Amino acid sequence: MKIALVDVNNCFVSCERVFAPNLEGRPVVVLSSNDGCVVARSNEAKALGIPMGIPWFKAKGIAQGVVPLSSNFALYADMSNRFMSILSTFSPNIETYSIDECFLDFSGFSFDLSGYAQQIRKRVKQWIGLPVCVGIGSTKTLAKLANHVAKKRSEWQGVCDFTSMEEARLDRLFSEIDVGEVWGVGKKLKEGLDSIGIGSVFELKSADQARMKALFGINLGRMVSELNGNACRDLEIVSPNQHGIMSSRSFGRGVFACEELEEAASLHVSIAAQKLRAQGSVCGAVQVYIRTSPFSLDAYAMGSTVPLMDSTDDTLLLIKAALSGLRRIYRPGYAYAKAGIVLIELSDKRRQTADLFADREEASKRSRLMKTLDEINLRHGRNKVGPGISGISADRSWSTKKGNRTPAYTTDWKALPVALAL
DNA sequence: GCTAAATTCAGAC
DNA sequence: CTAACGGTCTGAATTTAGC
């Protein structure tokens, strides 16, 4: 097996820079929703020592002169789609792993892979303006690691191919890389591995596979195998349906009124239900939750699961369920910071057993209504039409803060003049 | 005391 | 002026429930 991992450098910042070239060479960060935490940093921002994930208000001290941007997911998602479609011209089998990463199957390719990877970099840069790095290895774990090397060591010029390197050279390289860089080794596992004297990738690779499995679980065992070139994870070319669909968001201010929580919860149901229908599933139960800031002294958090008599993908029925759950858990007097819902117990709509007592004419009317709703929103933008209970966007005084949101350059006609003016 | 289901944990991005 | 800390998803491990 030969696998390449292509990853966009500093993805969100790079997407912003395509449409704001004046940000090139300057320290830039992109913030999470509600302008809360730093979720992407340009190299210049990294050089200033701004850590990933730090709350923005805490970073301001060391962030003199840094440009903070609110996140613009409409833009990133669209850039991502373009990125993936370019990559599909380089291999018939690809796995979209995340918004900015993609595995490509290079098995059976006998030509110069490094040169081929350079062509990928060139084409992505030329066609959509994004800088990417490519890692190549005989397993997914190795491809990930190779990508890390390609990013960190500029002498590789953005491409690192482990499959063309001698074992001894690889081992020397691995002994210089921290074990925490391995895909799947997070904070906790790193601590555990450190405590038994495994600090480098080479030490993990050389460890006894059965022992690692016994000590740290099945994943560590697999990691050791994969580092040694024995694949445990296959390419997942068709993405399976999601097992749960969730929508939640922090409020831009404290929310006290139950009606506003209802507005938010039903908006979240609308968003999630649309996704549910898009993947052809129905939902058997709805979870609702609300919480104050967990950092507040007077914290409150509660959730509730509402089972549905019959599985459905009807937004209105799902909202009804969510609201009944919400009313059970709402306590007046708290400054709520966040509300969210999760659609669970999903199953395939086509395999749904028919309800003997259902009003079939009513059901088909409802399903046409949902279909129309989805079509309008697809064409005219998210939540242009929806149930009245979700409120209209102009009135949602609780919605998230986004002080520095750039225009949706690629997905909104109204942003076109701005894009052209650049 | 077993298996199955539910919940929590850890990780990724 | 102060207070301000993301969102979605997966799979494994662990706990609890039901027999």
Side-chain angles (χ1 to χ4, degrees), chain A residues 5 7-13 15 29-41 51-61 63 68 70-73 76-77 80 95-103 140-141 144-145 147-148 151 179-193 213-223 232-233 236 239-254 264 268 271-272 275-276 279 284-285 287 289 291-297 299 303 305 307 335 337-346 400-403:
Chain A
L5 178 72
D7 186 316
V8 180
N9 305 343
N10 312 330
C11 180
F12 297 168
V13 168
C15 287
V29 298
V30 173
L31 304 176
S32 64
S33 118
N34 226 16
D35 293 344
C37 301
V38 172
V39 292
R41 304 159 296 158
M52 180 63 165
I54 190 177
W56 177 235
F57 74 91
K58 282 188 181 173
K60 279 181 183 165
S70 305
S71 50
N72 183 347
F73 273 92
Y76 312 147
S80 175
E95 173 188 337
T96 298
Y97 175 69
S98 74
I99 193 160
D100 75 326
E101 283 176 67
C102 186
F103 289 106
K140 282 178 155 185
T141 303
K144 275 274 217 185
L145 199 60
N147 188 280
H148 167 80
K151 278 223 171 74
V179 71
E181 302 297 343
V182 176
W183 187 30
V185 178
K187 190 165 164 279
K188 208 72 179 210
L189 275 174
K190 183 178 155 45
E191 268 172 36
L193 289 168
K213 183 178 167 183
L215 282 177
F216 298 104
I218 189 155
N219 283 331
L220 240 292
R222 285 179 190 158
M223 274 175 226
C232 304
R233 305 159 169 276
E236 286 168 26
S239 59
N241 278 353
Q242 286 171 214
H243 301 302
I245 299 175
M246 108 168 191
S247 178
S248 72
R249 203 117 310 170
S250 306
F251 300 124
R253 57 162 170 83
H268 289 310
I271 293 165
K275 248 188 180 173
L276 181 77
Q279 71 166 32
Q287 280 177 358
Y289 66 90
R291 66 160 177 77
T292 62
S293 164
F295 306 102
S296 137
L297 293 172
T305 302
K338 181 176 180 177
I341 67 95
V342 194
L343 305 182
I344 55 171
E345 291 173 27
L346 309 191
T400 49
K401 284 179 285 197
K402 40 183 177 184

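So that the names make sense, note that chain A is the first sequence line, chain B the second, and so on, each numbered from 1. Computed from a prediction, not measured in an experiment: that's the story for all the values here.
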N/O (side chain, Arg222(A)) to phosphate O (OP1/OP2, dA12(C)) under 4.0 Å: yes

Length of the CD1-P vector between Ile341(A) and dG7(C), whole Å: 14 Å

Glu236(A) CD - dA12(B) P separation (whole Å): 16 Å

Any strand: nucleotide that pairs with dC1(C) via Watson-Crick or wobble, under 3.5 Å: none

Gln279(A) vs Leu346(A) side-chain heavy atoms within contact, under 4.5 Å: yes

Touch class at under 4.0 angstrom, heavy-atom based, for Ser71(A) against every strand present: nothing

Side-chain touch Trp56(A)/Val29(A), heavy atoms, less than 4.5 angstrom: yes

Separation of the P atoms in dA12(B) and dC5(C), to the nearest angstrom: 25 Å

Rounded interatomic separation in angstrom, taking CD from Glu191(A) and C1' from dG11(B): 14 Å

Short side-chain N/O contact to dG7(C) OP1/OP2 from Lys338(A), under 4.0 Å: yes

N or O in side chain of Ser33(A) less than 4.0 angstrom from dG7(C) OP1/OP2: yes

Whether Phe57(A) stacks on the six-membered ring of dC5(C) base, 5.5 Å and 30° limits: no

Touch class at under 4.0 angstrom, heavy-atom based, for Lys58(A) against every strand present: base

Residue pair Ser248(A) / Tyr289(A), side-chain donor-acceptor N/O under 3.5 Å: yes

Contact check, side chains of Tyr76(A) and Ser71(A), non-hydrogen atoms, under 4.5 Å: yes

d(NE2, His148(A); C1', dA12(B)) in whole Å: 16 Å

Gap between atoms NZ and P, on Lys188(A) and dA13(C) respectively (whole Å): 15 Å

Report, one pair per line, the protein and nucleotides 8-10 of chain C atoms (nitrogen or oxygen only) whose separation is under 3.5 Å.
residue : atom : partner   : partner atom : Å
dT8(C)  : OP1  : Arg249(A) : NH2          : 2.3
dT8(C)  : OP2  : Ser248(A) : N            : 2.8
dT8(C)  : OP2  : Ser248(A) : O            : 3.2
dT8(C)  : OP2  : Ser248(A) : OG           : 3.1
dC9(C)  : OP1  : Gln242(A) : OE1          : 3.4
dC9(C)  : OP1  : Gln242(A) : NE2          : 2.5
dC9(C)  : OP1  : Lys275(A) : NZ           : 2.8
dC9(C)  : OP2  : Met246(A) : N            : 2.7
dC9(C)  : O5'  : Gln242(A) : NE2          : 3.4

Sugar-phosphate, base or nothing in reach of Lys190(A), heavy atoms under 4.0 Å: nothing

Sugar-phosphate only, base, or nothing, as touched by Val30(A) at under 4.0 Å among non-hydrogen atoms: nothing

Touch class at under 4.0 angstrom, heavy-atom based, for Trp56(A) against every strand present: nothing

Touch class at under 4.0 angstrom, heavy-atom based, for Ile54(A) against every strand present: nothing

Spacing between Phe251(A) atom CZ and dA3(C) atom P, to the nearest angstrom: 22 Å

Sidechain N-carboxylate O distance under 4.0 Å for Asp7(A), Lys151(A): yes

Protein-nucleotide distance (Lys402(A), atom NZ; dG7(C), atom P), rounded to Å: 13 Å

Rounded interatomic separation in angstrom, taking CG from Asn219(A) and P from dA13(C): 6 Å

Residue pair Asn34(A), Ser250(A): steps toward the side-chain hydrogen bond (donor to acceptor under 3.5 Å, both in side chains) verdict: CA-CA 7 Å; Asn34(A) 226 16; Ser250(A) 306; 4.6 Å; no

dG7(C) phosphate, OP1 or OP2, under 4.0 Å from Ser250(A) side-chain N/O: yes

Contact check, side chains of Glu95(A) and Lys140(A), non-hydrogen atoms, under 4.5 Å: yes

Trp183(A) and Phe103(A) aromatic ring geometry - parallel, tilted or perpendicular at 30°/60° bounds: tilted

